[in-house]
Amino acid sequence: MIRGFWAIYLREMMILRRRLLRQIPSWAVSPTLFLIAFGYAMGRDMTVDRHTYMEFLVPGLAAMSSMTQAFAISSEINIARFYWHIFEKFQAAPISSTAYVLGEVLAGMTRALLAVLVILILGFAFGVNLSYNFFFWAAILLNSFIFASLAVGLAMLVKSHSDQAMLNSFIITPMGFLGGTFFPLAMLPDWAQNLLYYLPLTHAAKAARASAFGSTPQLTSYIILLAIGAIFFIMSIKCVKMAKD
Amino acid sequence: MIEIENLTKKYKNLTALDNISLTIKSGELFAYLGPNGAGKTTTIRILTGLTKLTSGCARLNGFDIVHDELSAKRQYGLVPQSINLDRELSVYENLYIHGRLYHMSTKPLKKKIQELLNYVELSERRNTLVKKLSGGMKRRVMIACALVHSPVILFLDEPTVGLDPGMRRKVWALIKNIQQAGALIFLTTHYIEEAEFLAQRVAFIDEGKIVTVDTPENLIKQQGEWAIDRIVDGMMETVYFDSREDADNYNSCMDERFTFRKVNLEDSFLALTGKKVK
């Protein structure tokens with residue numbers, strides 16, 4: 001059922017390897033700006049739950065970056081689909097939709113993990129040294145699994161590359177700002193907190209931050225992340241099947 | 001072997017393929033000739049699993065394209081009309097990924113890639129990025145990709161479109177060699193000379209329907225052997241002759257300018273459909 005997923009993953013990794021020297025600086029630009037503007041300048045004298053704002057910000061940025069970079073696989077899929085007709089090569093090959101989705105999702109997760117590593121190195125350069133333990137990476141992995149799965153599904157539904165930019169504006173940007181990356185959600189009114197509770201990034205940021213601060217994260221966050229990821233993964237398989245004329 | 005029975009494809013208000021039936025034997029070089037929009041690419045897209053059929057059925061080497069999709073897909077290689085190579089990867093990497101998509105293990109795959117690169121005369125370009133290749137070289141890489149897993153059927157959708165005449169002939173020679181090695185080749189084209197030069201049998205397709213299927217020789221013979229084109233009242237008129245002598249006699253009575261030539265598949269297509277292929 002998943003035979004052939006390795007070819008899909010390998011292709012994305014070969015392309016990533018060719019671009020890596022350009023890609024790493026591009027992964028570093030936004031987090032550096034956030035760390036300078038919010039962490040170093042605005043939040044210099046601020047503390048959140050007995051931690052400096054910079055310490056609060058880094059795990060949140062890691063969670064946000066795992067979302068944006070995992071979701072960025074959708075642009076790659078769209079370019080391969082609409083401009084280079086490479087998606088048709090996969091459709092014509094004897095591989096199942098599950099294998100295709102798995103290969104692309106793993107590629108999205110790999111990109112996300114590399115981008116998070118860049119942020120942690122940047123954080124270290126800004127003097128932030130936290131505990132990046134198993135629970136931290138588990139939250140990051142699950143978050144990237146969710147958004148890579150969502151990316152593959154949505155890439156099958158959009159009709160052009162310009163629709164893709166719209167998805168970023170409507171889904172990724174609001175979630176990035178409202179998912180607990182930059183401020184504690186407890187600062188918002190109850191109704192907003194209740195609403196934002198359903199965003200996966202809220203749970204990923206919460207779990208990653210708790211782990212990084214050396215606390216035990218809530219198991220429910222991981223269960224919610226896993227459940228959302230599984231739903232998106234299955235939906236993506238359906239979307240790939242529907243992508244035929 | 002390709003078996004197509006009553007294949008139909010409908011899009012909302014358009015019937016792209018209308019009840020098509022065909023049988024193509026193993027090792028045959030079969031050309032599918034028709035003007036743009038006739039249904040050639042739709043047929044290939046359905047047979048290769050890129051487009052869903054509306055009704056009918058088809059089998060590739062005995063495997064049903066709907067009910068035994070993955071097994072059917074292992075039977076063929078596809079060279080589509082548009083270049084579908086990874087521009088940022090090298091020739092070798094493109095072939096390697098293609099082989100892995102067909103579940104080939106590394107050792108036999110590497111050997112096969114080397115053989116194919118020699119075959120399509122691109123050994124020296126194995127590490128060149130695809131974006132740096134000419135159009136003709138890209139076509140040859142695509143043909144090599146389609147052959148990596150040693151398919152018994154090869155679908156070629158307008159394989160020489162956009163190539164200069166020299167490169168076109170090079171690709172023709174390659175196609176002939178592949179067929180002589182035993183593969184069934186299903187070729188769509190709107191180049192008359194391509195179908196005439198390569199095909200053992202030709203199907204004319206127009207507006208989603210098969211008009212006729214026969215050998216190029218028989219199709220041409222139905223019109224005669226020689227043709228004279230001339231302009232009469234601003235319209236092109238073509239007269240056909242069974243022998244050169246008859247054509248010469250006809251010529252001797254004419255004052256106006258004319259073109260004297262051998263009959264080709266275009267004449268046959270025109271006679272059967274009232275349209276030109278191009």
Side-chain angles (χ1 to χ4, degrees), chain A residues 1-23 26 72-73 75-104 106-107 111 156 159 237-245, chain B residues 9-11 16 41-42 44-54 60 63 65-66 68-90 92-94 96-106 109 129-131 142 145-146 148-149 151 155 157:
Chain A
M1 199 166 89
I2 59 165
R3 222 172 154 212
F5 85 92
W6 187 249
I8 304 289
Y9 179 71
L10 198 62
R11 172 187 166 268
E12 292 287 359
M13 290 305 103
M14 281 175 169
I15 294 171
L16 183 62
R17 192 186 61 188
R18 281 250 146 71
R19 294 183 190 159
L20 203 58
L21 285 179
R22 285 173 283 155
Q23 198 82 64
S26 86
I73 196 78
S75 296
E76 300 296 330
I77 294 170
N78 270 320
I79 291 166
R81 190 171 164 214
F82 294 122
Y83 295 121
W84 309 130
H85 309 283
I86 291 160
F87 180 64
E88 290 189 352
K89 187 154 70 178
F90 304 142
Q91 281 183 308
I95 58 164
S96 65
S97 303
T98 310
Y100 173 74
V101 174
L102 183 62
E104 291 291 7
L106 286 176
R111 286 170 62 108
M156 296 297 121
K159 300 289 177 213
I237 295 169
K238 301 260 179 222
C239 291
V240 170
K241 283 181 183 163
M242 279 162 49
K244 279 185 187 180
D245 286 350
Chain B
K9 175 66 186 177
K10 288 184 179 172
Y11 295 100
T41 299
T42 306
I44 283 201
R45 285 183 66 86
I46 290 174
L47 293 176
T48 54
L50 301 178
T51 296
K52 286 178 189 162
L53 52 82
T54 306
L60 303 179
F63 296 102
I65 60 163
V66 176
D68 208 351
E69 191 183 0
L70 295 186
S71 300
K73 283 180 174 178
R74 281 192 199 99
Q75 308 306 312
Y76 66 78
L78 167 67
V79 180
Q81 211 174 115
S82 39
I83 304 287
N84 69 345
L85 299 168
D86 268 304
R87 298 172 78 254
E88 289 184 73
L89 299 184
S90 68
Y92 178 85
E93 286 166 335
N94 267 280
Y96 185 80
I97 292 296
H98 204 90
R100 294 307 297 253
L101 281 171
Y102 285 79
H103 319 308
M104 290 179 75
S105 47
T106 306
L109 175 57
L129 294 186
V130 162
K131 64 182 170 190
M142 286 172 71
C145 276
V148 162
H149 60 289
F155 289 106
D157 192 6

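Everything numeric in this text was worked out from a predicted model, so none of it was measured. Protein chains get the first letters and strands the later ones, always in sequence-line order, with residue 1 at the start of each.
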Turns out that what part of B:Ile46 lies under 4.5 Å from chain A's heavy atoms comes down to neither
Between A:Ala93, A:Gly4, A:Ser96, A:Ala99, the one whose heavy-atom pairs under 4.5 Å with chain B are most numerous = A:Ala93
Heavy-atom pair count under 4.5 Å with chain A, highest-scoring of B:His98, B:Lys73, B:Glu69 = B:Lys73
B:Asp86 versus A:Trp84: any side-chain heavy-atom pair under 4.5 Å?
-> no
Proximity breakdown for B:Leu89 and chain A, heavy-atom pairs closer than 4.5 Å = both
What heavy-atom pair brings B:Tyr76 and A:Ala92 nearest, and what distance separates the two atoms?
-> OH-O, 3.1 Å
Roughly how far, to the nearest 0.5 Å, is the CZ atom of B:Arg87 from the CZ atom of A:Arg18?
-> 13.0 Å
Please round to the nearest 0.5 Å and tell me the distance separating atom OG1 of B:Thr51 and atom CD of A:Glu88.
-> 8.0 Å
Supply the atom-to-atom distance B:Lys52 NZ to A:Lys241 NZ, rounded to the nearest 0.5 angstrom.
-> 10.5 Å
Side chain, backbone, both or neither of B:His149 within contact of chain A (heavy atoms, under 4.5 Å) | neither
CZ (B:Arg100) and CZ (A:Arg11) are apart, to the nearest 0.5 Å, by 15.5 Å
Identify the residue among B:Ile97, B:Leu50, B:Asn94 that makes a side-chain contact (heavy atoms from CB on, under 4.5 Å) with A:Lys89.
-> B:Asn94
State the NE2-CD1 distance between B:His103 and A:Ile95, to the nearest 0.5 angstrom.
-> 7.5 Å
